[in-house]
Amino acid sequence: MTRRRRLAAGNWKMNGTSAELAEISAVITAHPAPDCEILICPPATLLERMSRDIGEAPIAVGGQDCHREEAGAHTGDVSAAMLVDAGAAYVILGHSERRQDHGETNDDVRAKARTALATGLRVVICVGETLTEREASNTLDIIGGQLAGSIPDLVTGENLVLAYEPVWAIGTGKVPTTDQIGEVHDFIRLQLEKRLGEGVALSVRILYGGSVKASNAAEIFAVSNVDGALVGGASLKAADFAPIIVALDAAGQRVPG
Ligand code: PEP
């Protein structure tokens with residue numbers, strides 16, 4: 001039976017210059033042979049150097065966004081091919097900060113994902129409700145709409161990762177209860193099964209993101225259908241990220257079904 005390899009993904013957002021590359025060396029020293037997969041998504045300016053510094057160590061790097069077009073007159077944007085050229089294996093798409101700051105819609109996310117997949121990248125597609133939507137009991141409707149609208153048809157169990165990130169939990173220190181996380185992750189798995197069939201759906205990893213830290217990681221990783229985490233603030237320092245990797249390794253691998 002195939003297992004879903006757990007994934008600890010760090011999103012550095014608009015943080016980090018070359019001085020911070022030392023944090024990755026510290027993660028490698030702390031975890032020379034992790035059971036889980038480790039992914040770091042630094043700002044685009046650091047991708048190539050981080051990728052070179054990592055060398056043969058078992059850490060993947062990824063972008064935080066890419067353009068929907070392959071190339072062209074789009075000042076300031078980064079293409080999927082540029083990410084690959086700089087060493088990226090993954091790209092985060094549809095992060096709530098992109099949806100909020102840049103007005104990205106589900107259509108935009110789906111178009112970007114199509115281009116990224118065609119370029120050979122794996123995609124981490126983010127979904128999540130705002131506090132207003134949760135308080136109005138609309139969480140599952142919102143997540144269902146984001147899944148239906150953001151996931152393109154080309155996906156497989158290997159090239160798609162989902163991240164459930166309640167907007168109100170990102171960078172706030174507020175975390176949903178384990179029941180709330182489990183409800184959404186089980187719902188996402190069910191929607192994936194309906195859309196992609198059981199075989200593919202059971203191979204897709206579903207990450208939780210939103211104020212994950214060393215003190216809450218083990219509890220979150222024990223929740224049904226949580227296959228890892230997308231970590232923002234606590235991924236910036238090896239001292240904060242390394243214990244999250246320890247907790248993920250301790251949680252063991254997921255067996256689908
Ligand atoms: C994120 O940016 O994806 C995130 C989850 O941030 P934080 O861990 O800081 O809440």
Side-chain angles (χ1 to χ4, degrees), residues 6-16 20 23-24 27 36-44 46-47 50 59-66 83 88 90-102 104 109 112-113 116 122-131 133-134 139 142-143 146-147 150 160-178 180-182 184-185 188 205-221 223 225-248:
R6 296 224 196 208
L7 175 60
N11 173 14
W12 280 19
K13 313 191 187 194
M14 198 174 70
N15 296 294
E20 276 70 45
E23 297 299 328
I24 297 306
V27 170
C36 65
E37 185 176 3
I38 302 175
L39 165 66
I40 305 289
C41 299
L46 284 184
L47 259 178
M50 184 178 283
I59 297 187
V61 297
Q64 299 175 11
D65 178 49
C66 69
L83 295 179
Y90 285 84
V91 62
I92 298 171
L93 293 173
H95 191 283
S96 61
E97 287 155 14
R98 299 281 325 165
R99 291 179 188 262
Q100 279 178 347
D101 295 356
H102 300 272
E104 284 188 8
V109 177
K112 288 174 179 221
R122 297 176 174 198
V123 296
V124 180
I125 295 181
C126 303
V127 296
E129 82 286 0
T130 63
L131 191 56
E133 289 161 347
R134 175 162 282 278
T139 298
I142 294 294
I143 305 290
Q146 290 173 335
L147 292 172
S150 305
L160 174 66
V161 175
L162 256 298
Y164 168 53
E165 298 209 308
V167 178
W168 51 275
I170 295 178
T172 59
K174 292 183 190 149
V175 181
T177 65
T178 50
Q180 288 172 324
I181 295 173
V184 176
H185 279 241
I188 292 174
R205 289 168 294 177
I206 308 174
L207 312 182
Y208 167 76
S211 297
V212 174
K213 44 188 191 280
S215 57
N216 59 23
E219 189 185 19
I220 292 170
F221 296 152
V223 175
N225 278 311
V226 173
D227 301 312
L230 181 55
V231 184
S235 71
L236 295 172
K237 296 269 172 234
D240 297 327
F241 197 45
I244 294 173
I245 296 169
V246 171
L248 196 54

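Being a predicted model, the structure only gives us computed values, none of them experimental. In listed order, ligands and their atoms are each counted from 1.
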For Glu129 and Tyr164, test the side chains for any donor-to-acceptor distance below 3.5 angstrom and give the result as yes or no.
yes

Considering the heavy atoms of Gly233, write down every atom of ligand 1 situated less than 4.0 Å from one of them.
7 (P), 8 (O), 9 (O)

Below the 3.5 angstrom mark, is there an N/O of Gly171, backbone or side chain, next to an N/O of ligand 1?
yes

Looking at Lys213 and Asp240, does any basic side-chain N land under 4.0 Å from a carboxylate oxygen?
no

Are Cys126 and Leu230 packed together at the side-chain level, in the sense that at least one heavy-atom pair is separated by less than 4.5 angstrom?
yes

Should the proximity of Ile170 to ligand 1, defined as any heavy atom under 4.0 Å, be assigned to the side chain, the backbone, both, or neither?
both

Report, in ascending order of atom number, the atoms of ligand 1 lying under 4.0 Å from any heavy atom of Ala169.
10 (O)

Any idea which atoms of ligand 1 are less than 4.0 Å away from a heavy-atom of Gly210?
5 (C), 10 (O)

If you compare all heavy atoms of Ala238 against all heavy atoms of Pro243, which two are closest, and at what distance to 0.1 Å?
O-CD, 4.1 Å

So how far is it from Leu7 CG to Leu248 CG, rounded to the nearest 0.5 Å?
8.0 Å

When distances are taken from atom 3 (O) of ligand 1, the protein heavy atom at minimum range is Glu165 OE2, 2.7 Å

Out of Gly10, Ala9, Gly232, who is nearest to atom 8 (O) of ligand 1 when you count heavy atoms only?
Gly232

Which of the atoms in ligand 1, numbered in the order shown and given with their element, are less than 4.0 Å from a heavy-atom of Ser211?
7 (P), 8 (O), 10 (O)

Using distance alone, determine whether Glu97 and ligand 1 share an N or O pair under 3.5 Å.
no

Determine, for Glu104 against Lys112, whether the closest basic-nitrogen to carboxylate-oxygen distance falls under 4.0 angstrom.
yes

Cationic N near anionic O, under 4.0 Å, Glu37 to Arg6
no

Any idea which atoms of ligand 1 are less than 4.0 Å away from a heavy-atom of Gly209?
5 (C)

Would you check whether His95 reaches within less than 4.0 Å of ligand 1, judged by its heavy atoms?
yes

Based purely on interatomic distance, does Leu230 place a nitrogen or oxygen under 3.5 Å from a nitrogen or oxygen of ligand 1?
no

Say whether Glu165 and His95, considering side chains only, have a donor N or O and an acceptor N or O under 3.5 Å apart.
yes

